[in-house]
Enquirer: 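Just dropping this structure here.
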Amino acid sequence: MDKVYRQDLVESKWYQFWEEKGYFKPEINPEGEPYTIILPPPNANAPLHFGHAMYVVEDILIRYHRMKGKACLWLPGSDHAGFETQVVFEKELAKEGKSRFDFDRQTLYQMIWDFVQENKGTMEGQLRRLGFSLDWSRMKFTLEQDIIKIVYKTFKKMFDQGLIYRGNRIVNYCTKHGTSFSDLEVLYEERKTPLYYIKYGPLTLATVRLETKFGDTACAVHPKDQRYQKYIGKEINIETVLGPAKIKVVADEAVDRQFGTGVIKVTPAHSAADFEIGQRHNLEIRQVIGYDGRLNEKCGKFAGLSVKEARVAIAQEMEQKNLIEKVDYDYQNRVAVCYKCGTEIEPLPLQQWFIKIEDLSKQAIKAVKDGQIKVYPKRWESTYFNWLSNIKDWNISRQIVWGMQIPAWHCMECSKVKSQKSKVNNETMKQSNNYGWIVTAGEVPTKCPNCKSTSLEQDPDVFDTWFSSGQWPYVTLQTNQPGDFEKFYPTSVMETMYDILLFWVARMVMLGLFVTGKAPFKDILLHGKVLDPLGQKMSKSKGNVVNPMEIADLYGADAIRMALVYGTAFGHDQALSHPKLQAMRNFTNKLWNIGRFIIEFNPEKLGTTQKTSRSDSLINRNSGTPSHSESFRKSTYPEDREILEKLDKVIVTVTKSLDQYRFHDGAEALYEFIWHQFADIYIESTKERRAQAQPVLEYVFRTSLELLHPFMPFITEELWQKLPHQGQSIMITNWPLISNS
RNA sequence: GGGCACUUAGCUCAGCGGUAGAGCGCUUCGUUUACAUCGAAGAAGUCGUAGGUCCAAAUCCUACAGUGCCCACCA
């Protein structure tokens, strides 16, 4: 044995051994009760970042429960990450001076597919390097055909039950990326925007969005506002930059009397709030900004200008015509921007598929309130409840190609009839608008069931990624080996970073309950964010992203794993700490030298404990209560009795810490016990009576390795293999229990 | 406008009702003897501020102050 622990030699050899032996598969414990974790599938568009190393807590749980004899399944996968990936890929294209518009849909899809396959390989290698005991034979990718099939089936089921509707709604639209977003995907920035007080006939109102005035179809005041009672319900004559016009004044509770003059212009086509006011008062939706972010033909001479240009031009013109009363240049407001490119989000009306969310969210709330699902740390419950109880219908259409194209076909004949109707009846626009649409579970329809026309066109849009990943727990299990779903669903734990509690976890609960009738997991575990050494958020733009592989090469995967759980309360953000990584690397060296002392520097032959030690082989699993020999307990040396008592305490502490998801408690207890109690005190005390102490030394060491194994799998396996034993691997030995006596 | 977290030794953080802990750093001593990625000994905190509850409070309650983060259709 080397004097100094060589993690580079040790960590490279065990993973393959474990995998080849099939230890990562639940089948190694065929009798055990199932214990399942589905790995949150990393995006397949980039290598892992350091935050992914936090998945170590899942490996700790899996290894622990596997040692307890459970049939543990930790299922890996990767996510196509629709929009995210398309953006990444478009950047790649841009490097070659190309864009997505240079390719047809099929070609582009294939190119992204190939790009993703490459990244997936890198990512898998990285997860292996960290020692994650994932069952690779059950690896899934979100865009596999059998998964798409189930997602389509879900969509069809929801459609048939009236939970899906085609709606003309205001969506958050990025004019640069050419797609809409869900509310969660929109960022807000504090900005100073001029607030114009403009004259609308006898009224004055305040607005920042001058360029949408051509889409105004009313003015609104609060129904109780004394100042404006006489205008409510009337039409007023106004002067505009395009000449005189008439506009209606409506009363609506949504208007804030304190803001500006208490009068607002209502632009149903370009503001979600105004759209709702418009719905309540049956106002016309007049779209004046296109999906290219430019004013359209309804804007007279301003047509063709971008939103920004138009605002300036209109302000100038209104100034000349004396239509602006004053301007507040210090006005601070929150501007919605695209979370990828920072472009201002245009609220635009668009035909999209929506999921009626109310019932689904109620069920999801109930599942947690009833205790069907528990959340750790508990404080996240309020975030979860809060979001679900104020949630709006979910827009699941995305105008990109990288994803599952929505299995809905538009009948061109029927839609002709309908478009004539909808002009007359605004109610149709308002509510479900599924007329003329054929939804299937993926089969391509040949003709319209209504008018028999064969003129059908598939919706070019794809599903929001979260609609498919929201079904991940059951789609992965239903598309794996026969019986997997029945055995492993619902899963035991969903462990992920808190930032996707709403995006992903809440959606999984809703969809899981809807499709399977069961909550997809029993416990939700939320870990914190890993920050850079200075406590800053890691981001590509800041250039402070740390590659976990470099850190693994420096300190070892075991040290990374331990450092991530040691000395930090689970669920809190933590800064990547080199001193801590170093300390944990030193700990591996300490452990190594304890092993060296026991294995190489012993006067007797190894293996004196074999007869008295509890069984540690796979064959003997579940055969009675393991406990250490009574003969140790009767030792005449108080040091022996003391270390065994302390060992028992550590077994209890570590076991409890893992059962209660208090990983740091267990990690700290082990560090303290192994280094200070065992090495510094006990081992030192045995140097004068070495041969006599060998059985206890071996016994305590062996048990320590077992307890430490979930945290530091590589070094514990290496040392375990150097001890005489009957089992094949520490991975499948029994979790230590304390003696009953 | 709501909500959450954090504020403990020089630094990074545990502890969350019973008279302060870890890692790193610092001081002194110690290398034939498992490990210098080491050992022994030690210095170091009125636990953000102000009130309150309790026999007892870093720990529970209230207010305040800083820091960070999330949510919300203020035009």
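Numbers restart at 1 for each chain; the letters A, B, ... are given by sequence-line order, proteins then strands.
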Enquirer: In what stems does RNA chain B take part, counting only runs of at least 3 consecutive Watson-Crick or G-U pairs whose two distances fall under 3.5 Å?
Expert: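 Runs of three or more consecutive pairs: B:1-7 with B:65-71, B:10-13 with B:21-24, B:26-30 with B:38-42, B:48-52 with B:60-64.
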Enquirer: Counting any heavy atom closer than 4.0 Å, what does Arg662(A) reach on the DNA or RNA strands: base, sugar-phosphate only, or nothing?
Expert: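 Sugar-phosphate, backbone atoms only, no base.
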Enquirer: With rounding to whole Å, what would you report as the distance between rA20(B) and rU12(B) at their P atoms?
Expert: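 Rounded to whole Å, the distance is 24 Å.
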Enquirer: Applying a 4.0 Å non-hydrogen cut-off, can you work out what Lys590(A) is touching in the nucleic acid: base, sugar-phosphate, or nothing?
Expert: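 Base, at least one base atom sits under 4.0 Å.
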Enquirer: Can Arg507(A) be said to sit on top of Trp394(A)'s aromatic six-ring, NZ or CZ under 6.0 Å from centre and within 45° of the ring axis?
Expert: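 Flagged: Arg507(A) positioned over aromatic ring of Trp394(A).
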Enquirer: Which pair of heavy atoms, one from Ala310(A) and one from Leu295(A), lies closest together, and at what distance?
Expert: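 Taking every non-hydrogen atom into account, CB-CD1, 3.6 Å.
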Enquirer: Rounded to whole angstrom, note down the P distance from rA22(B) over to rC61(B).
Expert: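 Straight-line distance between the two P atoms is 28 Å.
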Enquirer: For nucleotides rA58(B) and rC6(B), find the distance between their C1' atoms and express it as a whole number of Å.
Expert: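 Between the two C1' atoms, the distance is 14 Å.
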Enquirer: Using a 4.0 Å heavy-atom cut-off, does Ala272(A) contact any base of the nucleic acid, only the sugar-phosphate backbone, or nothing at all?
Expert: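 Contact class for Ala272(A): none.
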Enquirer: In whole Å, measure the gap between the C1' atoms of rC55(B) and rG15(B) for me.
Expert: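 Taking atom C1' in both rC55(B) and rG15(B), they lie 23 Å apart.
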Enquirer: Between Lys529(A) and Lys537(A) (side chain of the first, backbone of the second, donor and acceptor by atom type, cut-off under 3.5 Å), is there such a pair?
Expert: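 No, because the side chain of Lys529(A) does not come within donor-acceptor range (under 3.5 Å) of the backbone of Lys537(A).
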Enquirer: Would you indicate what Asn333(A) reaches in the nucleic acid, counting non-hydrogen atoms under 4.0 angstrom: base, sugar-phosphate, or nothing?
Expert: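 Here Asn333(A) touches the backbone only, sparing every base.
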Enquirer: Looking at every heavy atom in both Cys338(A) and Ile345(A), which two are closest together, and how far apart are they?
Expert: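 That closest heavy-atom pairing would be N-CG1, 3.6 Å.
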Enquirer: Classify the nucleic acid contact of Arg596(A) as base, sugar-phosphate or nothing, counting any heavy atom under 4.0 Å across all strands shown.
Expert: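 Sugar-phosphate contact only - Arg596(A) comes under 4.0 Å of backbone atoms but never of a base.
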Enquirer: At 4.0 Å (heavy atoms only), tell me whether Ala220(A) reaches a base, stays on the sugar-phosphate, or touches nothing.
Expert: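 Ala220(A): no heavy atom of the nucleic acid under 4.0 Å.
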Enquirer: Which whole number of Å gives the distance between the P atom of rG39(B) and that of rA56(B)?
Expert: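 Between the two P atoms, the distance is 42 Å.
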Enquirer: Chain A on RNA chain B: first and last contacting nucleotide, 5' to 3', under 4.0 Å to a heavy atom?
Expert: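 Listed 5' to 3', the contact boundaries are rC4(B) to rA75(B).
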Enquirer: With C1' as the reference atom in both, quote the distance from rA65(B) to rC73(B) in angstrom, rounded to an integer.
Expert: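 Here rA65(B) and rC73(B) have their C1' atoms 33 Å from each other.
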Enquirer: Tell me what His676(A) touches on the nucleic acid: a base, only sugar-phosphate, or nothing, going by heavy atoms under 4.0 Å.
Expert: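 It contacts sugar-phosphate atoms only.
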Enquirer: Test of understanding: with side chain to side chain donor-acceptor pair (under 3.5 Å), list the residues that count as partners of Asp2(A), not counting sequence neighbours.
Expert: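 Asp2(A) satisfies side chain to side chain donor-acceptor pair (under 3.5 Å) with no other residue.
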Enquirer: Mark yes when over 12 heavy atoms from residues, nucleotides or ligands other than Glu358(A) sit less than 6.0 Å from its CD; otherwise mark no.
Expert: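 No, CD of Glu358(A) has 12 or fewer neighbouring heavy atoms, counting only those of other groups under 6.0 Å.
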Enquirer: Compute both the distance and the angle, then confirm whether Arg690(A) meets the cation-pi test with Phe597(A): under 6.0 Å from the six-membered ring centre, within 45 degrees of the axis.
Expert: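 Flagged: Arg690(A) positioned over aromatic ring of Phe597(A).
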Enquirer: Give me the distance, rounded to whole Å, that separates rU8(B) from rG45(B) when you measure between the P atoms they each carry.
Expert: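 rU8(B) and rG45(B) have their P atoms separated by 15 Å.
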Enquirer: Considering only the C1' atoms, how many Å lie between rC70(B) and rU28(B), rounded to the nearest integer?
Expert: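 Nearest-Å result for rC70(B) against rU28(B) at atom C1': 50 Å.
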Enquirer: For this output row, return yes or no: ring centroids of Phe663(A) and Phe711(A) closer than 6.0 angstrom.
Expert: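 Between Phe663(A) and Phe711(A), the centre distance exceeds or equals 6.0 Å.
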Enquirer: How is Lys529(A) classified with respect to the nucleic acid when contacts are heavy atoms under 4.0 Å: base, sugar-phosphate, or nothing?
Expert: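 It contacts nothing in the nucleic acid.
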Enquirer: Is it possible for you to check whether Lys326(A) lies under 6.0 Å from the centre of the six-membered ring of Tyr196(A), through NZ or CZ, and within 45° of that ring's axis?
Expert: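 The answer is no; the distance or angle limit is not met.
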Enquirer: Under a 90° cut-off about 0 for the syn range, is rA58(B) syn or anti?
Expert: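 Syn for rA58(B); the angle stays within 90° of 0.
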Enquirer: Report the residue (Ala575(A) or Arg379(A)) whose heavy-atom-nearest nucleotide on RNA chain B is the more 5′ of the two.
Expert: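 Nearer the 5' end of the strand: Arg379(A).
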Enquirer: Could you pick out which residue, Asp256(A) or Lys580(A), lies toward the 5' side of RNA chain B when each is mapped onto its nearest nucleotide?
Expert: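 Closer to the 5' end of RNA chain B: Lys580(A).
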Enquirer: Which part of the nucleic acid, if any, lies within contact of Ser577(A), taking any heavy atom under 4.0 Å across all strands shown: a base, the sugar-phosphate backbone alone, or nothing?
Expert: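 Counting heavy atoms under 4.0 Å across all strands, no contact is made by Ser577(A).
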Enquirer: Under 4.0 angstrom, heavy atoms only, what part of the nucleic acid is Ser271(A) near: base, sugar-phosphate, or nothing?
Expert: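 No contact at all - Ser271(A) keeps every heavy atom at 4.0 Å or more from the nucleic acid.
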Enquirer: Scan Lys392(A) against the nucleic acid and name what it touches under 4.0 Å (heavy atoms): base, sugar-phosphate only, or nothing.
Expert: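 Here Lys392(A) touches the backbone only, sparing every base.
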Enquirer: With sugar-phosphate meaning primed atoms plus P, OP1 and OP2, does Phe587(A) contact a base, only sugar-phosphate, or nothing at under 4.0 Å between heavy atoms?
Expert: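 Nothing, no heavy atom under 4.0 Å.
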Enquirer: Cation-pi between Arg689(A) and Tyr637(A): NZ/CZ under 6.0 Å from ring centre and within 45° of the ring axis?
Expert: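 Yes; both conditions hold, so Arg689(A) lies above the ring face of Tyr637(A).
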Enquirer: Contact class for Tyr331(A) vs. all strands (heavy atom < 4.0 Å): base, sugar-phosphate, or nothing?
Expert: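 Sugar-phosphate, backbone atoms only, no base.
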Enquirer: Looking across every strand, which nucleic acid part, if any, lies under 4.0 Å from His572(A) by heavy atom: base, sugar-phosphate, or nothing?
Expert: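 Sugar-phosphate, backbone atoms only, no base.
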Enquirer: On the six-membered ring of Phe601(A), is Arg596(A) placed so that its NZ or CZ lies under 6.0 angstrom from the centre and within 45° of the ring axis?
Expert: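 No, Arg596(A) does not sit over the ring of Phe601(A).
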